[in-house]
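Reading through the C-alpha cells given below for one structure.
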Amino acid sequence: MQDNSLYEFNDGLSEDALDEDPQSDSILEGLNESQHEAVSAELRNMLIIAGAGTGKTRVLVSRIAWLIKHYHIAPRNIMAVTFTNKAATEMRERLSLMVGNSVQSSLWANTFHSICLRLLRAYAQYAGLVPGFTILDTDSQVSLVKRLMKDMNIDTKEFKPSDIASNISKQKENGIRALAYSKKVSVKSPDYVKVTDRVYTVYEKVCNQENSVDFSELLLRTVELLENNREIRELQHRRFKEILVDEFQDTNSIQYRFLRLIAGPNSHVLVVGDDDQSIYGWRGADVGNMRKFLEDFSDVKQVLLALNYRSTQKILDVANTIIGFNSDRLMEKVLKGNFGEGDKVKILNCANNKVEAATVTDRIAALHDSGVDYRDISILYRNNYLSLDFEQNLLRKHIPFVIYGGQKFFERAEILDAIAYMRILVNEDDDTALLRIINTPSRKIGPKVVEGLRTIASERNCSLIKAIRLLEAHVNSGNVDKTLSSLYKKISVFYELFKALNEKRQNMSLSAFADEMLRMTGLYKYYQEKDFKDGKDTEEHSRYANLGMLISNIKEFEAAPPAEDDSSEENTSESTTEKEKKTEDPLLTYLSNITLVSTGELNEEGGTSNVADAVNLMTMHASKGLEFKYVFLVGFEKDILPSRLCAYSDKSLAEERRLAYVGVTRAKKALFISYAQVRSMFGKSEPTGASSFLRDLVREYKGKQDVPLMIEAVKGYSFY
DNA sequence: ATGTTCCTTCTTTTT
DNA sequence: GAAGGAACAT
C-alpha cells in the first residue's frame, strides 16, 4: 500500500489523490473497461447484460465492495439477491475476501426465498402468520394435496397430486390467490383447472390452519405484506438503499413484484443477467423482466459485458454458433475470449451408451495421467438418470467423483421422517408432518385410528394434536365412551412420545436432542432393520448412515450458526413496527435453514463443503455459474438434449438451446461432446443418434475453413 | 394392522 | 430397473 501511494504521487500530482481511499483502487484493479464502468458507476439503477464467463460475479462483488468503500454505504443497507444457495454462498465468500468477514452479518446476501423468510419471521403477525410457522417442502406439499384430494373424493390417478400441487404453486407465482383463481374458472374450463381450483381453495385454508407455508407462499406472503402495510414497506425502503440481483433472467413474476416493492423511491437496483442463459422458463422465469426493468425503473444505465475470461476461442465459436440459431434474443452478443485459439471441440460419436461412458472415462484417466486434477474435470448431462453409466465406469477405474444433485439428501424418506418429528415439535399444528410420522415406525396406529382422530379434529375445527388433547380430557373426565377410550388408548402411545420429546428438548443441545429423538422415536432401529432386510446395511449411504449424517449436519450447524438477523436494529419512531420476536428456538432456525438451504450432497462429515479432488458430475442446469478446465457434455442426443418433451408440448426449443449454450460455455480449456447411436433405457435398447443441435452445428460449418470442431467415431470398445 | 407381491410410472431441470 | 402404491393375504 505504502509503495503504491508513493508511486501514484510521483506519477501524477493530483489533489484528488490525497483524499482517495487507498483501498478503493484495489477493487478496480484488473477490471476491463466495461467492468470498470459498471463497478464504479454513480449510485443509480443499472442493468448489466453479462455474457457467459464475462466476470459477472466478480463485477457484482466488486460493486458491493465499491459501494461500501467508496460510497460508504453501510453493509446493512445493502441487499444482494441470488437465485440459488450456491450462488449466495459464493458471493458471501468472495465478499468477505474483499471487504472482510464482519460485513457478512449485516449484509443480506441470500436467495429470494430466504430473504422473504427473514421478513416473514420478523413480521409474522402482520403477514397473518403465527410465529414459528413451518415451511412445507415439495414432498410435504404434494402429500398435503394428495390428502385433500382423497378427502374430496377426487381420483388421484386421473389427476396427479404432484401436478395439482405444481399448478397451485404456479398460480401463487403469478400472484393469484385461490379466490381470484376461482373467479377465472368457468364451466368451460378444462377439468384439471376445475380440480386445481377446488383443491386450491381448501389447500389455502388448511395451510393457514396448519400454520405452514410452501415455497411460493414465502414470496407471495411477503409481497402482500409489503403491499398492505405501508409502514413496514417504508421501513424496508429506508433500510435497503442498494439492491443487487444476480441471474436476473431467472426471476419470475412474483420475484419481480417483490423487487419493485422492496426498492424505495431513493433506493437503487442493479440487476445482472444474460438472456442467453435463461433456462428456468419452465418454472416461471421470465426473460421479459429484463425489458420490463428498463421501463419500470427510472434512468437505467446499461452495461454490456462481452469479453470472455473463461474459454478458448474455439469453444466460444461453437457457443456463439449454437446460440446464434435462437432468434428471440434480447441482444446479440458475440463472446470474445483472450485465451488463445485452443484445441478443436471434439465430438465423440459413440456406438452406444456403454461405449460412450467407457470412452469418456478413459479420456479422463488420460487427462489425469498428463497432470490434470480431477477437480478440473466435469461431466455434464441433460437428465439426472444419464449419470449412471459414468458412475459405474468411474467406480471401476477407481476415479474419484462427486455427484451434485440427483436424489437430494434432504429428500430422502428417512431424513424427511426425522424432519417431520422436528416440525411437529416446533409447530404442533403441522398436521401434514404429524400424519407422516404418527405411525412411522409402526406403532399400531392404522388408517382406522387416524380416521377417527381426523373426524374429531374436523368436528372441532382444530389440529390433530389438539384433537388428541380434547380426547384425553374427555376420557379422563370419566365420561367413558367405549369407542373413544379405545381410540385414545391406541393414540396415547404416540401422544406420550410427543410429550416426552417436548420435555427432553427443553434442556439439551440441539444435536444431543436430535440424536436422542431418533432413538426415542425408534427411527434408528427402524431404518437399521430395514437396511438389513434389503441387504443395504453395508452400503456407504445406508438409510441408517444417513440419519447419522443428519446429526453431523446439526452439529456443524451448531458450531457455525447462520448470521444473526439484525433487522430489528432499525430504530425508528414508528410504534407499529414491532420488533421481531427473537427466534431463539434453535430447532426452528435449523429447520428453516435446511428446508431452504439444502441443495447438494453432504460429505461424509455431514458438511457441505467440497474439497476432495474428484471429477464433478451434474446436470447442465446445476452447472450454471460454474466453470471447469475440461468439460464432457454427454448424452448430446436426439430426444435428450432438445428434450423429447419439445416435440409434443409447449416446451421451448430455444430454452433447450440456451441450456446447450450454458453447457458449452462451462469449459475453459477443452470441450468434448459425446452421444450414442444406441442407448439402452429402461432395459430396452433404442436407436438415438446425434442431437439436432449438433446437426445444425455441422451444417453451419460445412465447407468452411477453420472449423472449430472435429468428429471422432468411437465404434467398438474393449471393455474392462 | 402389517407384510407381501404385483403393478405402474417415472426419468427434466430447483427454491 | 427402481421405487412407490394398490390390492391382496396374513
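Note that these values count all heavy atoms, side chains included, but never hydrogens, waters or copies made by symmetry. Letters A, B, ... mirror the listed sequences (proteins, then strands); counts begin at 1.
Nearest nucleotide to the A/Thr84 side chain, out of B/dA1, C/dG5, B/dT15: B/dT15. The nucleotide whose nearest atom lies closest to any side-chain atom of A/Val449 is, among B/dT15, B/dA1, B/dT13, B/dA1. Checked against B/dT2, B/dT15, B/dT13, the side chain of A/Arg382 finds its nearest nucleotide in B/dT13. Taking only side-chain atoms of A/Ser442, from C-beta outward, the nucleotide of B/dT2, B/dT14, C/dA6 with the closest atom is B/dT2. Nearest nucleotide to the A/Lys448 side chain, out of B/dA1, B/dT12, B/dT15: B/dA1.
At B/dT13, one or more side-chain N or O atoms of A/Asn384 fall inside 4.0 Å of OP1 or OP2 (strictly under the cut-off). Regarding contacts with the backbone of B/dC10, a side-chain N or O of A/Lys160 is found under 4.0 angstrom from either OP1 or OP2. Remark: A/Asn252 is not in phosphate contact with B/dT15, judged by side-chain N or O atoms under 4.0 Å from OP1 or OP2. Applying the 4.0 Å criterion to OP1 and OP2 of B/dT15, one finds that A/Thr111 has every side-chain N and O outside that range.
By the 5.5 angstrom centroid cut-off and the 30-degree plane limit, A/Trp282 is classified as stacked against the base of B/dT13.
Not one N or O on the side chain of A/Asp274 forms a donor-acceptor pair closer than 3.5 Å with the backbone of A/Gln249. The main-chain N or O of A/Thr251 is found under 3.5 Å from a side-chain atom of A/Asn289 such that the two form a donor-acceptor pair.
Taking the six-membered ring where tryptophan is involved, the planes of A/Tyr203 and A/Tyr200 are tilted, since the angle between them lies from 30° to 60°.
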Checklist line | Dot-bracket encoding per residue of DNA chain C, Watson-Crick/G-U cut-off under 3.5 Å, | denoting interstrand | finding: ||||||||||
